[in-house]
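Just below is one structure, and these are the notes that go with it.
For ligands, and for the atoms within them, numbers begin at 1 and follow the listed sequence.
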Amino acid sequence: MPHLSGKEIDYILKAFEGSWVVPLGPDVNAFERDLERLTGHGKHVVALSSGTAAIHLALILCGVGAGDEVIVQSFTFCASTNPVGYLGATPVFVDSEAGSWNMDPELLDRAIADRIAVTGRKPKAIIPVYLYGMPGRIDEIMDVADKYGIPVIEDSAEAFGSRFDGRVCGTFGKFGIMSFNGNKMITTSGGGALVCADKATADKIMFLATQARESYPYYQHETLGYNYRLSNISAAIGRGQMEILDEHIAHHHHVHDLYAELLEDVAGVKVHSNPSPRYDSNYWLTTITIDPSVEVVGSDKAYAEIISGAVGGAAGVTHRASSPHTSVEPNANVEAMRLWLDARNIESRPLWKPMHLQPLWKDSPAYVNGVSEALFRIGLCLPSGPWVTDEQVRYVVRSIKEAIL
Ligand SMILES: *Cc1c(COP(=O)(O)O)cnc(C)c1O
């Protein structure tokens, strides 16, 4: 459930009074200026209908088309990769490093060199991701990208307000992605934004996002456009949300720190935390890893049944699984912990399954070092949202301890 400042309703009512209920209006502009105050560095931000749309348009401006290759962090949510598929291009997956869980810069370097050797062409773009809000080694990733002259599109969808070396995530590359989906750090009910380096780029994005209209008294089209602009009503919600951003991030930090403190003495259970003071995660989700040596009640029955629905079950329409197993899944003790918590009314989730292990992308090249697969087998996301209280964190930790034999 999102956390509202109370100002959202005021902004929405004002938008309705001014008849600004279209993807155009004062709130979209004001929301974009709010976002630019956060990003700084002379960036221009364009508000869009989703983070996925933002990635799609960034790829188009990077010149990605059918047959091209785009490097994507494998350890991510499907939305980082899907727009590569929309364009008929091929994702090339690069694995993570163990500190931040994000793209490994050395492996990235080797992957690019190998793609050039194999295909004779450079990948068209690089998409690093800040998973669960944790910044990555973006300074080194930028060095590698600059060495080859390849643009970087930072997927900052989960890392709104996170910083690396004091600089906001999403402002290092040629483009940065933001998401305001219902479950993200702030929400506009649904929405996203693209961080652009300059006004000329932002103008190109706005043109593409509003059906690419030429200036004639009738509809004249020379370019393939999209209906990807954020509505003014959604932007009005975003303006209200921006007023509680700091409070919101402080809460997520507090929840993470409390989990870390309470789980400190539990052998084999580790809370994922900033690897060094250069990292400043927004701690969108607090995640833990459970060592395979930790014995959890019910591990023997962990995958006994096919579950109904799916993670984050969208509209509730999911394909029914044919078997409770896939070839790579969380360890039995991790699934047993998830079921144990679920029975106590606590929703936890496995870490995102890496893209190079998804049947959808089985034919895509992948440069792997085992890090994301290992994390997927041992990881769990804990309740971390704005409504989670200290008492609930204590209840979750108590329940985790009770599950361990
Ligand atoms: C949520 C998310 C997106 C997409 O954002 P939407 O606004 O839901 O389209 C992209 N990448 C990552 C890593 C995400 O978690």
Donor + acceptor pair across side chains of H254, D390 (<3.5 Å):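 On atom types as modelled, these side chains qualify, holding a pair under 3.5 Å.
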
Side-chain H-bond candidate by donor/acceptor type, H256 with S273, under 3.5 Å: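 Checked: H256/S273 side chains pair up, N/O donor to acceptor below 3.5 Å.
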
Residues in contact with ligand 1, criterion: heavy atom under 4.0 Å: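 Residues within 4.0 Å of ligand 1: S50, G51, T52, T76, F77, A79, S80, V129, D155, A157, E158, S179, N181, K184, G191.
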
Within residues 118-147 or reaching into it, pairs that qualify as ring-ring contact (aromatic ring centres under 6.0 Å, His included) - sequence neighbours excluded: Y132-W352

Ignoring hydrogens and angles, write down the donor-acceptor pairs under 3.5 Å from the side chains of residues 106-116, residues two or more places apart or on other chains.
residue, atom, partner, partner atom, Å
E106, OE2, R137, NH2, 3.2
D109, OD1, K147, NZ, 3.2
D109, OD1, Y148, OH, 2.6
D109, OD2, K147, NZ, 2.8
D114, OD2, Y367, OH, 2.6
R115, NE, E69, OE1, 2.8
R115, NH1, Y367, OH, 2.9
R115, NH2, E69, OE2, 2.8

Partners meeting ring-ring contact (aromatic ring centres under 6.0 Å, His included) with Y259 (sequence neighbours left out):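 Partners of Y259 by the ring-ring contact (aromatic ring centres under 6.0 Å, His included) criterion come out as none, since no residue qualifies.
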
Side chains of V269 and I404 in contact at under 4.5 Å (non-hydrogen atoms): yes

